[in-house]
Amino acid sequence: MGNVKRRHAAVERGVCVACGSCEDVCPRGVVKVMKGSYAAVDISLCIGCGRCEMVCPAGAVTMEVAE
Amino acid sequence: MKPIQPIKKRWYHYLWIWSVFYFAMGFFNIIFAWLGLISFFLPFVFAIGFGTKDFCNKYCDRGQLLRVIGGQTGFSTGKLMPSWLRSSWFRYGFLTFFMSMFGQMLYTTYLVSAGAKELSEAVTLFWSIRVPWEWAYTAGSVEPWQAQFAFGLYSLMLTSAIIGILLMLLFKPRSWCAVCPMGTMTQMICKVRNNNE
Ligand code: SF4
Ligand code: SF4
Ligand code: SF4
């Protein structure tokens with residue numbers, strides 16, 4: 001069995017403006033603004049749909065591939 | 001961009017109606033502009049009181065307006081703003097500029113209250129374009145300084161709304177939120193309050 005590659009979102013804390021645009025559009029509810037400071041993604045539940053990246057005005061979300 | 005809907009409909013998604021109400025009321029009677037102070041104080045209540053940006057994340061009428069027109073109905077190009085507009089120096093520079101303009105507005109209000117300056121029955125767009133607005137004020141209905149503050153606050157709110165809408169049309173729906181002075185200040189407060197986490 002080979003390793004399964006999966007896409008997930010990642011937020012660069014220093015770039016995030018904590019606007020919350022991403023929270024509203026996440027179908028799994030796994031991206032959340034933490035303590036008004038930055039957004040964080042629970043990558044174990046993220047399905048890599050990219051909707052958060054689509055709306056992020058700060059360019060803080062990148063899609064990454066993990067094994 | 002392709003319209004993008006929130007996953008769950010919430011009551012606060014309709015708060016954009018407050019923006020429309022606010023600008024419409026100020027068009028007919030400038031004294032309603034004082035209601036804009038709610039949008040100045042509430043973000044701080046959330047940030048200082050609870051250490052959250054729940055105002056930005058949920059209850060900001062401006063954020064909801066830009067999300068609805070730009071994202072939900074797809075009037076935005078969906079492009080990312082150029083990196084210089086998203087940079088920290090621009091964000092903090094704009095905050096400094098915005099706050100100095102706010103201070104200037106308070107000073108003008110003070111001069112009018114002290115009788116050192118005449119009330120100017122006009123809205124000033126982009127801190128320089130004077131737009132006559134006399135129909136919205138009946139002389140003597142309130143103190144001149146109260147009217148001056150209303151014209152000043154309305155000018156600030158309308159100017160920032162226009163910038164926000166232009167950014168929304170050209171870039172991602174809530175691009176304004178990446179430079180908004182209120183958003184910048186409340187994030188700073190939350191970071192300090194939560195020990196720079
Ligand atoms: S990629 Fe999709 S599932 Fe993952 S955090 Fe973003 S919106 Fe949510
Ligand atoms: S949309 Fe972008 S900037 Fe806004 S909270 Fe999410 S990751 Fe941060
Ligand atoms: S960043 Fe400014 S416009 Fe955007 S949601 Fe926060 S207060 Fe409202």
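Hydrogens, waters and symmetry mates are skipped; everything else that's a heavy atom, side chains included, is used. Each chain gets a letter, A, B and so on, in the order its sequence line appears, and its residues count up from 1.
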Leading residue by heavy atom contact count with chain B [cutoff under 4.5 Å; candidates A:G14, A:A18, A:C16]: A:A18
Among the listed options A:G36, A:A60, A:G29, the residue most often paired with chain B at heavy-atom distances under 4.5 Å: A:G36
Derivation of the side-chain contact (heavy atoms from CB on, under 4.5 Å) call for B:Q187 and B:K53: CA-CA 7 Å; B:Q187 189 184 22; B:K53 271 196 42 156; 3.8 Å; yes
Non-hydrogen side-chain atoms of B:L158 and B:L125 separated by less than 4.5 Å: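 When only atoms from C-beta onward are counted, B:L125 and B:L158 do touch, with a gap below 4.5 Å.
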Part of residues 21-28 of chain A lying next to chain B, heavy-atom separation under 4.5 Å: A:S21, A:E23, A:D24, A:V25, A:C26, A:P27
B:R130-B:T124 side chain donor-acceptor pair, cut-off 3.5 Å: no
Between B:Y59 and B:F46, ring centroids under 6.0 Å: yes
Under 4.5 Å from a heavy atom of chain B, the part of A:M34 involved: neither
Region of B:R67 in contact with chain A, defined by heavy-atom distances below 4.5 Å: side chain
Region of B:R10 that comes under 4.5 Å of a non-hydrogen atom in chain A: neither
Largest heavy-atom contact set with chain A, pairs under 4.5 Å, which of B:I189, B:I7, B:T52: B:I7
Non-hydrogen atoms of B:Q64 and B:L15 that approach each other most closely: CG-CB, 4.3 Å
Donor-acceptor contact present, side-chain B:S76 to main-chain B:I69, <3.5 Å: no
Whether B:R86 side chain and B:M81 backbone form a donor-acceptor pair below 3.5 Å: yes
Axial cation check for B:Y14 ring with B:K9, 6.0 Å and 45° limits: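 Yes; both conditions hold, so B:K9 lies above the ring face of B:Y14.
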Joint hydrophobic cluster, A:M54 plus B:L167, side-chain heavy atoms closer than 4.5 Å: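 No, A:M54 and B:L167 fall in different hydrophobic clusters.
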